[in-house]
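Excluded from the calculations below are hydrogen atoms, water molecules and symmetry mates; all remaining heavy atoms, backbone and side chain alike, are included. Below, read A as the first sequence line, B as the second, and so on, with proteins coming before strands; counting in each chain starts at 1.
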Amino acid sequence: MELKYKEYQQLNLPKIGDDVLLEWNKSGTFEKSVSLREGKTPFVFYEGPPSANGMPGIHHVISRTLKDLVCRYKTMKGFQVKRKGGWDTHGLPVELGVEKELGITKEDIGRKISVEEYNKKCREVVMRFKDKWDDLTRKMGYWVDLNNPYVTFENEYIETLWWCLQQLYNKGYLYQSVSIQPYSPAAGTGLSSHELNQPGTYKDVKDTSAVVMFEAIKDKISAPLFDSSQQAPIYLMAWTTTPWTLPSNLGLTVGPKIEYVLVKTFNPYTYLPIYVVLAKALLGKYFKAEGENGDFETYKGGDKIIPWKIINTYEGKDLEGISYHQLMSFDSNSLKEILSITPKATPFKVIIGDFVTTEDGTGIVHTAPAFGADDYKVGKKFNLGILTLVDKEGKFVQGTGEFSGRYVKDYKNDPSYTDVNVDISVKLKKENRAFKVEKYEHNYPHCWRTDKPIIYYPLDAWFIKTTAAKERMVELNNTINWKPSSTGSGRFGNWLENMVDWNLSRSRFWGTPLPIWRTEDETESICIGSIMELNTAILHAREVLGRNINEAFVDGIKDLHKPYVDEIILASPTGKPMRRVPDLVDVWFDSGAMPYAQWHYPFENKEIFKTAFPADFIAEGVDQTRGWFYTLHALAVLLFDSVAYKTVVSNGLVLDKSGNKMSKRLGNVVDPFQTLSLYGADATRWYLITNASPWDSLKFDEEGIKEVQRKFFGTLYNTYQFFALYANVDRFTFKEAYIPYRERPEIDRWILSSLQSLIAKVTDNFDNYEPTQAGRHIEEFVDSHLSNWYVRLSRRRFWKGEYGTDKISAYQTLYECMETLCGLIAPIAPFFADWLFGNLNQITKRLGASSIHHTDFPVSNEKRINTVLERKMELAQQTSSLVLSLRKKVNIKVRQPLQQIFIPTLDDNTVSDINDMAPVIKSETNVKEINILDSGNNFIRKKSKANYKTLGKKLGPKMKAAAKAIEGFDNKTIELVRQGGYPLNIDGESLIINNEDIEVFTDEIPGFEVASRGPLTVALDITLTDDLLNEGNAREFVNRIQNLRKENRFELTDRIGIIIEPHDQVQSALIKFKDYICGEILADTFEFNPAIPDGVSIEVNEAIFKVNVFKTT
RNA sequence: AGAUCCGUAGCUCAGCCUGGUUAGAGCACUACACUGAUAAUGUAGGGGUCAGCAGUUCAAAUCUGCUCGGGUCUACCA
């Protein structure tokens, strides 16, 4: 039995996906697509590791589609693209999940459950949904190596991380310091930003706020202040919502460009005369307008209106360096104490900070370096020192006067708690140091576990000195191709500009331990860079410190996690014991180091690494910009002075169809498995890619997938079905010689030209990482060019006539289009492409590949691109469309032939174009003649319009008048302008206008109904002669019989006989067109019989009569 | 608060870079038509202050500035 193209009942995309997937798995299609390119230029791709402790969502499908299509495309372009999968396994989400599951909190770890057991649990949980992920990966057609993934908790992986850390340590980039972090005194623990971003942590609360007055000291620097005031002291006013930080105050920060004023007034609590300094913009907050320049002499304490007067104005930077008296002095915050902590500190002065605003407060910021990140930063910059007068339980330390031991907030749910902030404010009021005390409502973060307010608190942490390489990081970032580019220059570039050192420390349990050991006095420390180094050091320590230590590790360490590493004691060069610092490193370090750690570099795979760094391409969600994209970049620059990736695509979020973020809470999460099984991977992928640019957020709507399924895949599938139907009849298997392009009919050359143009566009878009545009171009081609024009117009060629050159040309052309389309769509719709390719290639064996993914991407043959032809065809389409609209208007169906149409045109090119396209237009619109009314024809009325583009430049303001004048031109004037140099009179001024300055058209033809679109106008002659009516009846009759053939399920090639009941209205037409009719309906016998035995009633243009059709073969 | 993306028909999106005449397509709705591939298609209809305001210009959906609304990221503030 000979091979036939498979024909199908209906399109079933999910089934196609399943079948193709089965084939891929059986034949190792993915592996082969990589091995086939052995020795070719590598295209390096990095997989950002997902965490398998949560279920995959639909948003994972979009980013993975994007990654997959690029890798598939590059493979087809001849590169070898290895794709190593990976798993992110450490980190807080994992730990929080385990805590929740076990019903414990962080404090219980090490008490209720050993660290060993806890980490064992984490290790189990972290791969909980690996199977689900692998399943999704396969079903969505994401080709990535699942068999040899990198896993961040494995010893080899961690060993490379240690190596990286040691490199940084040796370069002096790894250091310990204090950082100000969110801290919960109630829970006794620092909080990560992740925890702080839990819903409900930020609450509106009312706190006691105070505007307090710091007394300036008169000296050389402050002289400009004192020049204008003599009698009363001068105070710098600052505002705080946390009065408990005031004893720890060490500075006052002003904005360099903010305008400040010195104001003479009275203290509203003590009524004493004072001078105060504050931002001019905030005067209104503290002083009533009526009091300005009031009478200072008559003022009495208690008066409602307090007089005030601006004495002088300063810029922030003029105030820098002014010293002031400490606001609240205790034993614990004496200068002596400050200097004992920071020996060369110079506190109690005015400093400059960019972060100061005039939105709230006074424009002068009370600065306590221990209790705010900004404060700490400027404190350090201006050497203020640091005071931490509150301990980790949240109470004042001893030596802080009457406040000693008091909690700064009610952390213990103490019913007798009194607010220390109020007491501090009262004390300051009494001391003439408060200007305004009031309740202030603001948004403040709370600990998600205890519901108590957090404070910002200095905690020890290890840092990577990323700021040391800032310039280089910015420089190298400029070489990275960001999609979209705004993310690179904006979000990412901005982030780099404002970079701070990378806080690596996490005080958790399940993560990569920081491999630093140090002596108790912190004078000696080492950073371990490999397992071997650690094992040697373990044994060395036993030599030096005695045989009773590290007993469990004499055979080497088995697991680089806690608690084991913490049990190891090493010996310092001077023979002192060293213990590991307790911190783990930020999980982002794990993933940022994946270019090295995935290959266990430099312990193994040095050669592979050389060819696999940096990446040519990575892609993740835009939320990774300051996550993975940053850590990859930072480490590559610090370790290798290189970028980590050359191109990065950041895709946007997937929202639900109403534009809301998908969340479990709202219940609007889309289950990717369900989507894939319902619509298939191809339709889902195609929808995700073509609906919106990857970086725009996508409103996910199933209706959109249905549309893609129906419109794009349905159309392409139908095109194939059509082809298969007739190719099987004619036994077309592409065995005939390829018919040269120039010998093919115009319509074939046209679609082939469009195809080559399409290849060029698609290639260009894929090369520029614009898959959305690529997909949309393909859609356009399949729908409006291939299916609804080429196939539609060529239909007859496939089923009529001899199997000769014209027919073979049609088959070859359509085949080539479909085969090429397989290649073009393969990156986005890999299953359908392979399925269609298989259906075609199994019969013709044109390409020696078993999968489209093993072929080369189509290359555009520019010689075949005929833009003139493409333009002409467009004109034919438009003309046909206009004629059809006219037919509709006068209600004459297309099956009724009409005699002629008229097309007025004044452009010689259009004349020849229309003539060339006449056969197409005639057959499509069923008219006999096309009459072109050219410029020589004077009986049509010409109209003119200004060419705004050319005239606007010349005329400027006179444009409007000119346009109006031009619209009034008659035929004669238009002709004069076309001859050139016509003087147009506007406002008494003569302007020469030429042919190119006007557009001439005509949209009416006397006596005819016309239709226009743009410059094109068509008129239809609707005169119906008897001949035309007869032919119309004949064609109508053919249509009815064809429908009957179809209803009776006759084969395409079945010959029939026909008996017709005579009917006056159509009889003559049927007789006259008998040959035509028989030819169309494949009838061998054709007879009339008034006594028709049986048959069905048909209706031809209101004539109703019976016919009987029967097979004769 | 800063950065960034988005705002065009009931819905999904083009057009904006490079200003120009009547702002387009698909979906959905209605009617008619075409079809021996079609769950397709064609024609017609309704549907738009192009988020708003101001500026530049002869001319603004398009360029500039501001405002508003939505998303995301970062930060969290005296």
If the [atom1] atom of [N] is compared with that of [M], how far apart are they to the nearest Å?
N	M	atom1	value
B:G47	B:U8	C1'	13 Å
B:A14	B:A31	P	32 Å
B:U49	B:A60	C1'	15 Å
B:A25	B:A37	C1'	25 Å
B:U74	B:C58	C1'	46 Å
B:C63	B:C17	C1'	11 Å
B:C6	B:A51	C1'	11 Å
B:A40	B:G19	P	41 Å

Options [options], nucleotide nearest the side-chain atoms of [X]:
X	options	value
A:L884	B:G42, B:U41, B:A44	B:G42
A:Y456	B:C34, B:C77, B:A78	B:C77
A:D783	B:A33, B:A78, B:U41	B:U41
A:T719	B:G42, B:A37, B:A78	B:A37
A:L725	B:A37, B:A78, B:C77	B:A37
A:S787	B:A33, B:A44, B:A37	B:A37

Categorize [X] for me: base, sugar-phosphate, or nothing, with a 4.0 angstrom heavy-atom threshold over every strand shown.
X	value
A:Y726	sugar-phosphate
A:R776	sugar-phosphate
A:D374	nothing
A:A368	nothing
A:S881	sugar-phosphate
A:N1039	sugar-phosphate
A:E707	sugar-phosphate

Item checked: Set of ring-ring contact (aromatic ring centres under 6.0 Å, His included) partners for A:Y183, sequence neighbours left out ->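 Result, ring-ring contact (aromatic ring centres under 6.0 Å, His included) vs A:Y183: A:Y457.
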Note to self: List the residues meeting ring-ring contact (aromatic ring centres under 6.0 Å, His included) with A:Y260, not counting sequence neighbours, and say none if there are none.
What the structure shows: none
Identify, with sequence neighbours excluded, every residue that meets salt bridge (charged side-chain N to carboxylate O under 4.0 Å, His left out) alongside [X].
X	result
A:D783	A:K711
A:K761	none
A:R796	A:E1080
A:E770	A:K483

Margin query: Checking A:N421 now: which residues fulfil side chain to side chain donor-acceptor pair (under 3.5 Å) with it, not counting sequence neighbours?
Written below: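 A:D419.
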Note to self: Checking A:R887 now: which residues fulfil side chain to side chain donor-acceptor pair (under 3.5 Å) with it, not counting sequence neighbours?
What the structure shows: none
Interface polar pairs with nucleotides 59-63 of chain B, N/O, under 3.5 angstrom:
none

[N] [atom2] sits how many Å from [X] [atom1], rounded?
X	N	atom1	atom2	value
A:H785	B:A40	NE2	P	20 Å
A:D375	B:C77	CG	P	9 Å
A:W789	B:U41	CH2	P	15 Å

Item checked: Within 6.0 angstrom of A:K436 NZ, more than 12 heavy atoms from elsewhere ->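 Yes - once you tally the heavy atoms of other residues, nucleotides and ligands closer than 6.0 Å, there are more than 12.
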Notebook entry, point to check: 5'-most contact on RNA chain B: A:T690 or A:G363, nearest heavy atom basis?
Noted result: A:T690
Item checked: Which residue lies more 5' along RNA chain B, comparing A:N691 with A:F722 via nearest heavy atoms -> A:N691
Note to self: Please evaluate residues A:T242 and A:D207 with respect to the criterion side chain to side chain contact (heavy atoms under 4.5 Å, CB included), reporting the C-alpha separation (whole Å), side-chain torsions for both, the decisive distance (0.1 Å), and the verdict.
What the structure shows: CA-CA 8 Å; A:T242 52; A:D207 279 326; 5.8 Å; no
Notebook entry, point to check: Checking side chain to side chain donor-acceptor pair (under 3.5 Å) for the pair A:Y811/A:D730: CA distance, chi angles, key distance, verdict?
Noted result: CA-CA 10 Å; A:Y811 278 124; A:D730 284 322; 2.7 Å; yes
I want to check one thing: is the phosphate of [N], taken as OP1 and OP2, less than 4.0 Å away from some side-chain N or O of [X]?
X	N	answer
A:R710	B:A40	yes
A:Y948	B:G19	no
A:K711	B:U41	yes
A:T241	B:A78	yes
A:N718	B:A40	no

Margin query: Quick check: closest heavy atoms across A:F371 and A:S248, and the distance to 0.1 Å?
Written below: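 Looks like CE1-OG, 3.4 Å.
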Next item on the list: Look at A:K706 together with A:E703 and state whether they make a salt bridge at an N to O cut-off of under 4.0 Å.
Entry: yes
Next item on the list: Runs of at least three consecutive Watson-Crick or G-U pairs, both distances under 3.5 Å, are what I'm after; which ones involve RNA chain B?
Entry: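 Stems (3+ consecutive pairs) listed as B:1-7 with B:68-74, B:10-13 with B:24-27, B:29-33 with B:41-45, B:51-55 with B:63-67.
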Check: protein-nucleotides 6-10 of chain B nitrogen or oxygen pairs below 3.5 Å:
none

Notebook entry, point to check: With A:L1082, which residues qualify under side-chain contact (heavy atoms from CB on, under 4.5 Å), at least two apart?
Noted result: A:R1045, A:R1055
